[in-house]
Amino acid sequence: MSTREVCLLIGHGGEVLWCDASGSPNQLPDSRARWEAIWRLRDVIEEVAHSHPDGPLGFSAEDESTMAALTSALGKPLRFSVVAPEGMVARLRGRDVLVAAEPWWAEALRSASGIRHTPSGLA
């Protein structure tokens with residue numbers, strides 16, 4: 001399986017509310033269906049997560065502008081996260097933190113993205 005970026009909309013208790021994928025490991029182009037899902041689910045979305053199959057373990061400039069647009073449009077703070085081969089990072093109250101205890105859906109997101117989990121610091 002080739003790798004591709006995948007996006008999840010997450011609700012209370014880690015419930016996966018919606019999912020879509022790109023055909024590329026390096027970008028997740030804007031999607032009308034995704035924006036409509038975000039708007040339709042705006043009252044229950046708590047987190048927007050996506051994969052970076054080829055890295056980095058962090059947010060891109062495009063991620064930054066998308067996060068700002070979502071926060072502004074929804075009028076509420078969301079948790080944003082990126083799942084990469086070597087781990088997971090989340091934006092919490094304006095700070096990026098490594099997630100040590102990953103939620104159940106992180107490995108499912110890696111699998112859907114074609115990523116093999118290779119935690120940093122391990123051979």
Side-chain angles (χ1 to χ4, degrees):
M1 170 197 252
S2 61
T3 58
R4 62 191 182 156
E5 281 200 25
V6 176
C7 177
L8 300 178
L9 304 181
I10 309 293
H12 182 72
E15 178 186 5
V16 175
L17 303 170
W18 196 84
C19 175
D20 77 337
S22 76
S24 167
N26 300 313
Q27 65 177 342
L28 188 64
D30 279 340
S31 154
R32 182 178 180 95
R34 184 179 325 113
W35 286 104
E36 287 175 351
I38 290 167
W39 190 250
R40 184 179 69 253
L41 298 166
R42 67 188 176 275
D43 292 331
V44 294
I45 292 174
E46 294 183 1
E47 182 167 5
V48 177
H50 73 286
S51 58
H52 280 179
D54 296 338
L57 179 58
F59 298 99
S60 68
E62 187 173 352
D63 294 339
E64 294 289 348
S65 63
T66 300
M67 292 185 300
L70 283 172
T71 300
S72 176
L74 298 178
K76 70 177 189 177
L78 294 173
R79 176 178 160 128
F80 295 97
S81 56
V82 169
V83 174
E86 65 274 18
M88 178 177 173
V89 64
R91 173 78 46 92
L92 302 170
R93 294 176 292 283
R95 291 190 55 219
D96 293 350
V97 296
L98 288 174
V99 178
E102 294 183 353
W104 71 268
W105 48 260
E107 200 55 40
L109 179 56
R110 280 192 189 89
S111 179
S113 300
I115 299 173
R116 185 174 158 268
H117 192 185
T118 55
S120 59
L122 300 178

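For this chain, numbers begin at 1 and follow the sequence in order. All of these numbers come straight from a predicted model, not from anything done at the bench.
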Asker: Nearest heavy-atom pair of Ala106 and Val83: which atoms, and what distance?
Answerer: O-CG1, 3.9 Å
Asker: Supply the atom-to-atom distance His52 NE2 to Leu28 CG, rounded to the nearest 0.5 angstrom.
Answerer: 9.0 Å
Asker: Grab the two heavy atoms, one from Ala21 and one from Val6, that are nearest each other, plus how far apart they are.
Answerer: CB-CG2, 3.8 Å
Asker: What pair of heavy atoms forms the shortest contact from Val99 to Ala90, and how long is it?
Answerer: CG2-CB, 3.8 Å
Asker: Quick check on the hydrophobic clustering: are Met88 and Ile10 connected, directly or via other members, by side-chain heavy-atom contacts under 4.5 Å?
Answerer: yes
Asker: Can you spot which of Pro53, Pro25, Ser2 makes a side chain to side chain contact (heavy atoms under 4.5 Å, CB included) with Ser113?
Answerer: Pro53
Asker: With a 3.5 Å cut-off and sequence neighbours excluded, list the donor-acceptor pairs that the side chains of residues 66-74 form with protein atoms.
Answerer:
| from | atom 1 | to | atom 2 | distance (Å) |
| --- | --- | --- | --- | --- |
| Thr66 | OG1 | Glu62 | O | 3.0 |
| Thr71 | OG1 | Met67 | O | 2.9 |

Asker: For Arg91 and Ser81, indicate whether the former's side chain and the latter's backbone hold a donor-acceptor pair under 3.5 Å.
Answerer: no
Asker: Who clusters with Leu92? Use side-chain heavy atoms, under 4.5 angstrom, across I, L, V, M, F, W and Y, and order the result by chain and number.
Answerer: Val97
Asker: Just distance, no hydrogens or angles: give the donor-acceptor pairs under 3.5 Å from side chains in residues 36-46, sequence neighbours left out.
Answerer:
| from | atom 1 | to | atom 2 | distance (Å) |
| --- | --- | --- | --- | --- |
| Glu36 | OE2 | Arg32 | NE | 2.8 |
| Glu36 | OE2 | Arg32 | NH2 | 3.4 |
| Arg42 | NH1 | Trp39 | O | 2.5 |

Asker: Can you check whether Val82 reaches His50 side chain to side chain, under 4.5 Å on heavy atoms?
Answerer: yes
Asker: Of all the heavy-atom pairs spanning Pro85 and Arg116, show the shortest one and how long it is.
Answerer: CB-O, 3.8 Å
Asker: Is a side-chain donor or acceptor of Ser51 paired with a backbone partner of Arg110 at a separation under 3.5 angstrom?
Answerer: no
Asker: Would the distance check show the side chain of Trp105 and the main-chain N or O of Val16 forming a donor-acceptor pair, the cut-off being under 3.5 Å?
Answerer: no
Asker: Quick one about Gln27 and Ser22 (side-chain donor to acceptor, distance below 3.5 Å, no hydrogens or angles considered), yes or no?
Answerer: no
Asker: Where is the tightest heavy-atom contact between Phe59 and Phe80, given as atom of each residue plus distance?
Answerer: CZ-O, 3.6 Å
